[in-house]
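Below is one structure, written out as structure tokens, with a few remarks after it.
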Amino acid sequence: LGYGSGKAKDHPMACAACHGIAFEPTYALVCKCVYCSACVMDVRDCYSCGRDVEGSEPAHGFQRKIDVFLSAHGPKQKRELGMFWLEHAVKHERKGNFMAADARYIQALEAFREDGTNSKEEIAICMSKQAEIRWQHLLDVESGREMFKEAVRQLIRETNPENVNFTTLAVTYMKWGAHEHSVANLKAAAELFKCATEARENAFVKGTCDGEDVVASRFALASVRVDLGESKEAEELFRELLEILPQGDQQSARGKAMRQIAEQRLRDIDENKNRA
């Protein structure tokens with residue numbers, strides 16, 4: 001399909017802004033060039049013809065053409081269709097086209113939900129990535145928070161704990177915790193990093209993550225403890241981490257960075273004690 005690539009620019013169903021097949025297509029007024037409903041919001045001068053854009057209107061007839069085209073040439077199975085949209089959502093995100101990425105994540109979610117329980121992890125991954133975009137780039141914190149909550153609910157819905165993907169769950173908790181930390185919601189961040197640590201410990205037991213990932217979750221929790229003024233708890237965590245982290249040639253770049261920061265945090269805690 002040439003979707004999301006340079007070839008898509010020549011596709012008759014491509015959005016003039018993001019160059020992917022138009023999602024919720026709209027006509028720019030007054031030129032009638034086609035855009036995604038999300039993309040057209042930021043357009044002042046038409047990217048195709050250069051005329052002033054004075055608004056937009058839904059292109060229902062154009063949508064029907066897209067539906068016919070995708071039914072004939074696109075993936076047939078719902079899971080495959082979801083992966084198709086997910087792949088191109090990621091491409092748009094990497095290019096910094098966050099409105100277009102958000103729109104494609106919506107399409108991926110719709111396809112995965114229609115596929116049912118077979119795609120529950122993909123649903124959670126989509127929601128987590130969409131939550132990041134809305135929180136960090138579209139500045140919609142509440143929407144991002146709700147999507148993180150739903151992603152977690154999706155992952156822990158299993159009645160058999162053995163079937164829970166603890167690695168994906170831990171990553172979701174870590175991303176959510178980092179975003180709560182960024183807006184100084186420290187108690188929520190601490191709780192989320194604690195949940196991430198527990199999930200990664202379970203994943204480590206199952207052999208689906210390494211020990212350094214567990215350490216990274218504990219490190220995040222210790223850092224929030226410092227910001228909360230819980231110096232004693234933070235000190236205990238940092239000292240535990242220094243005992244666990246490898247040294248010398250065995251340490252990775254991430255492990256080395258965590259060790260250096262932990263040592264500095266402990267020095268800061270000691271200095272604060274001496275001042276008190």
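Counting from 1, the numbers follow the sequence of the chain as shown. As the structure is a computational prediction, the values presented were derived from the model and not from experiment.
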What's the shortest heavy-atom distance between [X] and [Y], and which atoms?
{"X": "R145", "Y": "V183", "result": "NH2-CG2, 4.4 Å"}
{"X": "N97", "Y": "C18", "result": "ND2-CB, 3.1 Å"}
{"X": "S56", "Y": "V40", "result": "OG-CG1, 3.9 Å"}
{"X": "G144", "Y": "W135", "result": "C-CE3, 3.9 Å"}
{"X": "A199", "Y": "F166", "result": "O-CB, 3.3 Å"}
{"X": "A17", "Y": "C39", "result": "CB-CB, 3.8 Å"}

Side chains of Q107 and R104: donor-acceptor distance under 3.5 Å anywhere?
-> no
Check the pair M127 / T172 against side-chain contact (heavy atoms from CB on, under 4.5 Å), numbers first and verdict last.
-> CA-CA 10 Å; M127 298 194 81; T172 304; over 6 Å; no
Identify whether [X] and [Y] are in the same connected component of the hydrophobic contact network (ILVMFWY, side-chain heavy atoms under 4.5 Å).
{"X": "V171", "Y": "L86", "value": "no"}
{"X": "F69", "Y": "Y27", "value": "yes"}
{"X": "V214", "Y": "F193", "value": "no"}
{"X": "F238", "Y": "I261", "value": "yes"}
{"X": "M99", "Y": "L109", "value": "yes"}

How long is the span from the [atom1] atom in [X] to the [atom2] atom in [Y], to the nearest 0.5 Å?
{"X": "S217", "Y": "L192", "atom1": "OG", "atom2": "CG", "result": "11.5 Å"}
{"X": "H60", "Y": "T26", "atom1": "NE2", "atom2": "OG1", "result": "10.5 Å"}
{"X": "H19", "Y": "C36", "atom1": "NE2", "atom2": "SG", "result": "10.5 Å"}
{"X": "R267", "Y": "N272", "atom1": "CZ", "atom2": "CG", "result": "13.5 Å"}
{"X": "I125", "Y": "T168", "atom1": "CD1", "atom2": "OG1", "result": "5.0 Å"}
{"X": "H92", "Y": "F98", "atom1": "NE2", "atom2": "CZ", "result": "12.5 Å"}

Salt bridge (charged side-chain N to carboxylate O under 4.0 Å, His left out) between E114 and R79, worked out = CA-CA 8 Å; E114 288 183 29; R79 181 179 173 79; over 6 Å; no
Check: [Y] main-chain N/O paired with [X] side-chain donor or acceptor under 3.5 Å:
{"X": "S252", "Y": "G255", "value": "yes"}
{"X": "R259", "Y": "L245", "value": "yes"}
{"X": "T167", "Y": "C209", "value": "no"}

Would you please test R218 and T197 for side-chain hydrogen bond (donor to acceptor under 3.5 Å, both in side chains) and show each step?
-> CA-CA 6 Å; R218 291 178 180 173; T197 300; 5.7 Å; no
Worked check of side-chain contact (heavy atoms from CB on, under 4.5 Å) between V68 and K65 | CA-CA 5 Å; V68 170; K65 291 180 181 179; 5.8 Å; no
Just so I know, are the side chains of [X] and [Y] near enough to count as touching, which here means a heavy-atom distance under 4.5 Å?
{"X": "R44", "Y": "V53", "value": "no"}
{"X": "K129", "Y": "V90", "value": "yes"}
{"X": "D213", "Y": "F204", "value": "no"}
{"X": "C15", "Y": "I21", "value": "no"}
{"X": "H181", "Y": "V224", "value": "yes"}
{"X": "M147", "Y": "E132", "value": "no"}

Could you go through the salt bridge (charged side-chain N to carboxylate O under 4.0 Å, His left out) check for E110 and R113 one step at a time?
-> CA-CA 5 Å; E110 289 176 356; R113 281 171 173 153; over 6 Å; no
Worked check of side-chain hydrogen bond (donor to acceptor under 3.5 Å, both in side chains) between E198 and Y173 = CA-CA 10 Å; E198 293 172 355; Y173 276 132; over 6 Å; no
Check [Y] with [X], please: is the shortest side-chain N to carboxylate O separation under 4.0 Å?
{"X": "D102", "Y": "R134", "answer": "yes"}
{"X": "K206", "Y": "E201", "answer": "no"}
{"X": "E191", "Y": "K187", "answer": "no"}
{"X": "E87", "Y": "K91", "answer": "yes"}
{"X": "R225", "Y": "E236", "answer": "no"}
{"X": "E235", "Y": "R239", "answer": "yes"}

Show your reasoning for whether side-chain contact (heavy atoms from CB on, under 4.5 Å) applies to S128 and F148.
-> CA-CA 6 Å; S128 179; F148 274 127; 3.6 Å; yes
Mind jotting down which residue pairs meet the side-chain hydrogen bond (donor to acceptor under 3.5 Å, both in side chains) criterion with at least one end in residues 34-43? Sequence neighbours excluded, please.
->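 Residue pairs passing side-chain hydrogen bond (donor to acceptor under 3.5 Å, both in side chains), neighbours aside: E24-S37.
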In sequence, state the C-alpha distance, the side-chain angles, and the governing distance for E150 and R157, and then conclude on salt bridge (charged side-chain N to carboxylate O under 4.0 Å, His left out).
-> CA-CA 10 Å; E150 183 55 37; R157 195 171 290 167; 3.4 Å; yes
Is the number of heavy atoms from other residues, nucleotides or ligands under 6.0 Å of R94 CZ greater than 12?
-> no
Is R254 atom CZ crowded by more than 12 heavy atoms from other residues, nucleotides or ligands, each under 6.0 Å away?
->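 For R254, atom CZ is crowded (more than 12 foreign heavy atoms under 6.0 Å).
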Apply side-chain contact (heavy atoms from CB on, under 4.5 Å) to the pair S48 and C31, showing each step before the final yes or no.
-> CA-CA 9 Å; S48 290; C31 62; over 6 Å; no
